[in-house]
Amino acid sequence: MGRIAIYPGSFDPITYGHIDLIKRATYFFEKVIVAVARNRHKKPLFSIEERLDMVQQTVAGIDKVEVDTFDGLVVEYARRRNVKVLIRGIRMISDFEYEFRMALTNRRLAQDVETVFLMPSEQYSFISSSLMKEAVSQGADMSSFIPSYVEKRLKEKVMPC
Ligand code: COA
């Protein structure tokens, strides 16, 4: 399987669902690189620096995890890092088509890079970064789904007054 895996994503912002997946990946790999995508197409709420900082704070206590950023194609980044495995999460069947397309496109672009899918715990299977943004902006307590400092940052961003 290779000893190092890359877990790429926008992490806009990181949630406990992502953290669950990162921890699961560390059971199988010697090192997991959490790669925060600049993702110019998605127009993220948080800047790359803010997302990187939140991910770094979140994984600080988890062994075997490195955090990095990347721009451009994820397979090119994997090649630069000499990594053969990408980790992605499948929460529900609705994720499948998007993930399947992405994995097959990446395979076409780089036959030597394989995508491995993991399932997060069912308690996080329905959450997403967009849901967190929406709920926090409406004043909901999302502390069971995002770390407190992420919730604080989110409040500052979506409830500026
Ligand atoms: N827990 C909670 N939420 C999760 C999750 C989990 N375990 N896994 C995925 N999600 C959610 C995210 O919160 C996010 O929600 P949102 O859409 O509401 O914001 C959504 O699923 C997808 O986010 P993420 O996992 O960060 O992936 P992404 O689709 O934003 O980014 C990249 C995917 C960065 C890997 C992809 O766009 C990429 O590789 N970009 C580089 C360019 C490239 O190579 N393109 C070709 C690929 S074919």
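For ligands, and for the atoms within them, numbers begin at 1 and follow the listed sequence.
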Output for ligand 1, non-hydrogen cut-off under 4.0 Å, lists P8, G9, S10, F11, T15, G17, H18, A37, N39, K42, F70, G72, L73, V74, R88, R91, Y98, M102, T105, N106, P120, I127, S128, S129, S130

Do NZ/NE/NH1/NH2 and the carboxylate oxygens of R79 and D112 come within less than 4.0 Å?
yes

Decide yes or no for F29 and I87: does some side-chain heavy atom of the first lie under 4.5 Å from some side-chain heavy atom of the second?
yes

Quick check: do H18 and Y7 have side-chain heavy atoms less than 4.5 Å from each other?
yes

All pairs passing ring pair (Phe, Tyr, Trp, His ring centres under 6.0 Å) where residues 103-135 contributes a residue, at least two apart:
F126-F145

For E122, check side-chain hydrogen bond (donor to acceptor under 3.5 Å, both in side chains) against everything at least two apart and list the hits.
none

Applying side-chain hydrogen bond (donor to acceptor under 3.5 Å, both in side chains), name anything that partners K152, two or more places apart in sequence or on another chain.
E156

